[in-house]
Amino acid sequence: MCGIVGYIGYREVYPILINGLKRLEYRGYDSAGIAILNSESHIYKCKGKVSDLEKHVSGNPIHGNIGIGHTRWATHGEPNDTNAHPHQSTGGKFILIHNGIIENYVELKGRLKNLGFSFKSDTDSEVLANLIEYVYLNGNVSAEMAVRLALSQVEGAYGVVIMCTDEPDKLIAARKGSPLVIGVGNDEYFLASDATPIVEYTKSVIYLSDQNVAIITRTELVLKTLKNIPLTPTIQQLDLDIGEIDKGGYEHFMLKEIYEQPRSIMDTFRGRITTQGTELHLGGLYQVIPRLVEAKRIIIIGCGTSWHAGLVGEYLFEDLARISVEVEYASEFRYRHPILDKDDVVIAISQSGETADTLAAVRLAKDAGALVLGICNVVGSSIPRETDGGVYTHAGPEIGVASTKAFTAQVTVLAMMAILVGRRRNILDDKQYQHYIDELKEIPGKIEKILEHAGEIQKLAELFKYVNNFLYLGRGYLFPVALEGALKLKEISYIHAEGYPAAEMKHGPIALIDLNMPVVVLAIKDHSYDKIVSNIQEVKARKANIIAVVNEGDTTIKQLANYTVEIPEADAIFSPLLAVVPLQLMSYYIAVMRGCNVDQPRNLAKSVTVE
Ligand code: G6P
């Protein structure tokens with residue numbers, strides 16, 4: 001959600017904050033702000049993007065070696081200059097940036113108002129700044145203690161970085177629910193809500209855990225719990241290169257990430273298929289594989305695109321491993337009263353590993369005794385740290401808000417898991433097992449072939465860029481891809497789109513179909529090919545423009561559809577990895593042609609760390 005950056009050390013802090021905020025802008029981008037301490041405190045903030053903040057600051061160069069910055073995705077209070085972070089307490093002693101939601105802020109605000117505190121903004125974060133100041137002044141305690149005592153009164157989630165004007169050589173950071181990473185340099189420390197602003201300075205990092213507080217001076221980092229119990233920080237090495245978080249010559253991160261998929265899928269299975277190509281090794285499942293193989297039921301949870309990958313997982317585990325699967329939105333699952341026991345396996349899918357609802361669902365499933373596994377992309381994020389085992393997707397940083405390469409990496413991991421479990425359960429014999437491994441290795445090359453024809457998809461986008469509604473249809477493995485195609489279009493081009501199981505179309509959406517409603521049909525040569533051909537006929541009879549994604553050499557559908565996009569043939573279980581690529585490209589090109597901000601679509605955030 002919001003992006004947080006902080007620095008204390010010997011360098012000029014302003015460029016570190018601005019560059020860091022630019023790296024984090026994909027997390028939220030409705031307003032931005034910075035605060036720098038030198039002999040006095042300087043706060044600049046405004047509605048809009050980091051570039052607007054730069055314009056706002058220009059002409060007022062601020063020097064200093066300690067500061068904090070924030071890019072916001074509004075939860076409480078509309079995006080405007082006043083609600084932008086940092087927030088300063090009424091007496092001016094505390095300045096903070098906050099990611100998360102203070103759930104009891106109304107009650108706290110009422111109490112503080114009665115005590116004479118005033119509020120400029122509508123945010124819950126300003127309440128926290130005033131609460132800390134109240135505890136500090138009233139309790140006559142250190143800044144650090146005031147922060148700890150104030151946070152113990154807070155309900156909800158936070159990742160906060162705080163400066164105190166009375167102790168100007170210190171940053172205080174704390175976390176509950178919202179991620180914070182600390183970069184460790186020589187006589188300098190960097191803070192951020194993810195590692196992207198840190199990696200250009202240091203690869204040594206400390207991931208803050210929930211209820212931990214870090215008190216940081218230029219030369220020392222003290223880690224403790226909210227209750228003042230000292231902790232020993234664990235320094236880890238980042239496996240991330242600066243080149244991975246640049247656009248690398250592409251116009252947008254999304255396009256770069258679409259084009260990265262042959263490599264990112266290879267990275268997902270690299271080292272997991274033996275060099276002879278005869279075995280699958282998933283090290284993160286090593287300890288738990290017997291329970292997974294014996295599972296009575298698998299429940300897959302996720303949000304957004306990760307939920308769509310989960311739907312593909314349902315087909316994979318049922319087909320290849322014959323285990324019953326349910327796929328749940330994490331946000332629904334956690335607020336129901338799900339029936340779970342130790343024979344259940346819950347698989348949480350999350351690119352960021354930080355989505356608040358998915359994390360909460362993980363905790364619920366663990367408390368209920370289920371085996372909980374994660375399929376996540378961001379190494380060291382909260383979900384992999386809280387699950388019993390899992391598999392990293394290793395797709396590299398995904399910066400575009402609309403998820404692309406994370407989806408194909410998630411599906412790749414699910415396929416590897418299902419193949420492995422299917423073999424262990426003797427559902428697959430050696431020959432089938434080998435066949436699927438061989439097929440998987442072919443997928444990156446097949447995606448390359450699709451990407452070579454991007455120009456054709458661009459021409460299609462030109463034809464349909466001004467349409468208001470789209471329908472996406474698919475069956476079997478391609479039903480989740482229809483949902484994902486529709487989601488991509490909605491997210492970045494703001495065109496209304498619906499994904500539907502092709503046969504289900506007759507029960508409603510068919511009423512919408514006319515000349516003005518293009519229908520994208522995913523129609524590969526699998527066991528339901530004849531059925532989907534019939535569905536295409538039904539759509540054609542209603543005069544819709546049909547764009548069909550077909551296998552190379554298909555002649556039947558070419559005669560029926562208005563436009564076809566070819567993808568190479570592959571076993572049906574891998575078809576989502578191929579069929580999704582033209583849909584990603586089409587959404588991308590339409591959004592660009594409509595002048596939309598592809599990497600930062602309105603109202604969306606990359607990592608949703610609030611419920
Ligand atoms: C946000 C993002 C989506 C993503 C979803 C789940 O809505 O914009 O692209 O699919 O969160 O995120 P996760 O990190 O859990 O996969």
Side-chain angles (χ1 to χ4, degrees), residues 1-3 24-30 73 75 99 177-179 193-194 196 252-254 257-258 264 300-313 327-334 346-362 373-387 390-411 413-414 480-481 483-494 499 580 583-584 587-588 591 596-611:
M1 250 21 323
C2 310
L24 287 173
E25 206 167 22
Y26 73 97
R27 297 176 69 95
Y29 32 79
D30 61 43
W73 187 90
T75 57
N99 182 9
S178 295
S193 35
D194 68 44
T196 47
H252 296 98
F253 279 110
M254 183 181 176
E257 288 156 7
I258 292 172
S264 57
I300 302 179
I301 52 174
C303 302
T305 290
S306 296
W307 182 77
H308 293 159
L311 289 178
V312 179
V327 188
E328 302 264 8
Y329 286 114
S331 55
E332 287 300 313
F333 177 79
R334 62 176 290 205
V346 173
I347 302 177
I349 306 181
S350 173
Q351 187 285 128
S352 62
E354 300 291 352
T355 300
D357 282 319
T358 313
L359 184 57
V362 161
L373 307 177
I375 298 178
C376 298
N377 195 36
V378 178
V379 176
S381 55
S382 298
I383 292 172
R385 286 194 287 145
E386 297 207 16
T387 38
V391 184
Y392 278 118
T393 46
H394 291 314
E398 189 180 67
I399 310 287
V401 167
S403 186
T404 51
K405 65 174 179 171
F407 173 79
T408 45
Q410 289 162 348
V411 171
V413 167
L414 287 161
V481 178
L483 295 180
E484 177 59 8
L487 178 65
K488 288 289 87 85
L489 194 69
K490 274 185 274 209
E491 282 178 312
I492 58 169
S493 68
Y494 319 136
V580 77
L583 307 192
Q584 295 168 340
S587 308
Y588 170 79
C596 300
N597 186 338
V598 171
D599 283 334
Q600 293 169 359
R602 70 185 179 206
N603 304 338
L604 297 179
K606 183 70 187 159
S607 169
V608 180
T609 49
V610 295
E611 295 165 20

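Computation of the quantities below employed the complete heavy-atom set of this structure, encompassing side-chain atoms and omitting hydrogens, waters and symmetry-equivalent molecules. Note that ligands are numbered from 1 as they come in the structure, with each ligand's atoms numbered from 1 the same way.
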- Purely on distance, is any nitrogen or oxygen of Val401 under 3.5 Å from one on ligand 1? yes

- Item | Enumerated ligand 1 atoms positioned under 4.0 Å from heavy atoms of Thr305 | 10 (O)

- Just say parallel, tilted or perpendicular for the rings of Tyr588 and His252, cut-offs at 30° and 60°. perpendicular

- Pairwise side-chain contact, Leu373 with Thr387, heavy-atom cut-off 4.5 Å (strictly under): no

- re atom 1 (C) of ligand 1, the protein heavy-atom contact at minimum distance is Ala605 O, 3.5 Å

- Quick check: does any side chain N or O of Gln410 sit under 3.5 Å from a backbone N or O of Ile349, one acting as donor and the other as acceptor? no

- Pairwise side-chain contact, Glu398 with Thr404, heavy-atom cut-off 4.5 Å (strictly under): yes

- Task: Just jot down the ligand 1 atoms closer than 4.0 angstrom to any heavy atom of Ser403, in number order.
- Result: 9 (O)

- Item | Residue pair Met254 / Lys488, side-chain heavy-atom distance below 4.5 Å | yes

- Heavy-atom proximity to atom 6 (C) of ligand 1, picking from Gly304, Pro601, Cys303, points to Cys303

- Query: Can you find an N or O of Gln410 that's nearer than 3.5 Å to an N or O of ligand 1?
  - Reply: no

- Flag Thr358 as yes when one of its N or O atoms lies below 3.5 Å from any N or O atom of ligand 1, and as no otherwise. no

- Message: Determine whether a donor-acceptor pair (N or O, by modelled atom type, separation under 3.5 Å) exists between the side chain of Glu354 and the backbone of Ser382.
- Response: yes

- Query: Nearest to atom 7 (O) of ligand 1, what protein heavy atom do you find, and at what distance?
  - Reply: Val608 CG2, 3.9 Å

- Under 4.0 Å from one or more heavy atoms of Ser306, ligand 1 contributes atoms 10 (O), 13 (P), 16 (O)

- Query: Step by step, would you call Thr305 with Glu484 a side-chain hydrogen bond (donor to acceptor under 3.5 Å, both in side chains)?
  - Reply: CA-CA 7 Å; Thr305 290; Glu484 177 59 8; 3.1 Å; yes

- among protein heavy atoms, the one nearest atom 15 (O) of ligand 1 is Thr355 OG1, 2.5 Å

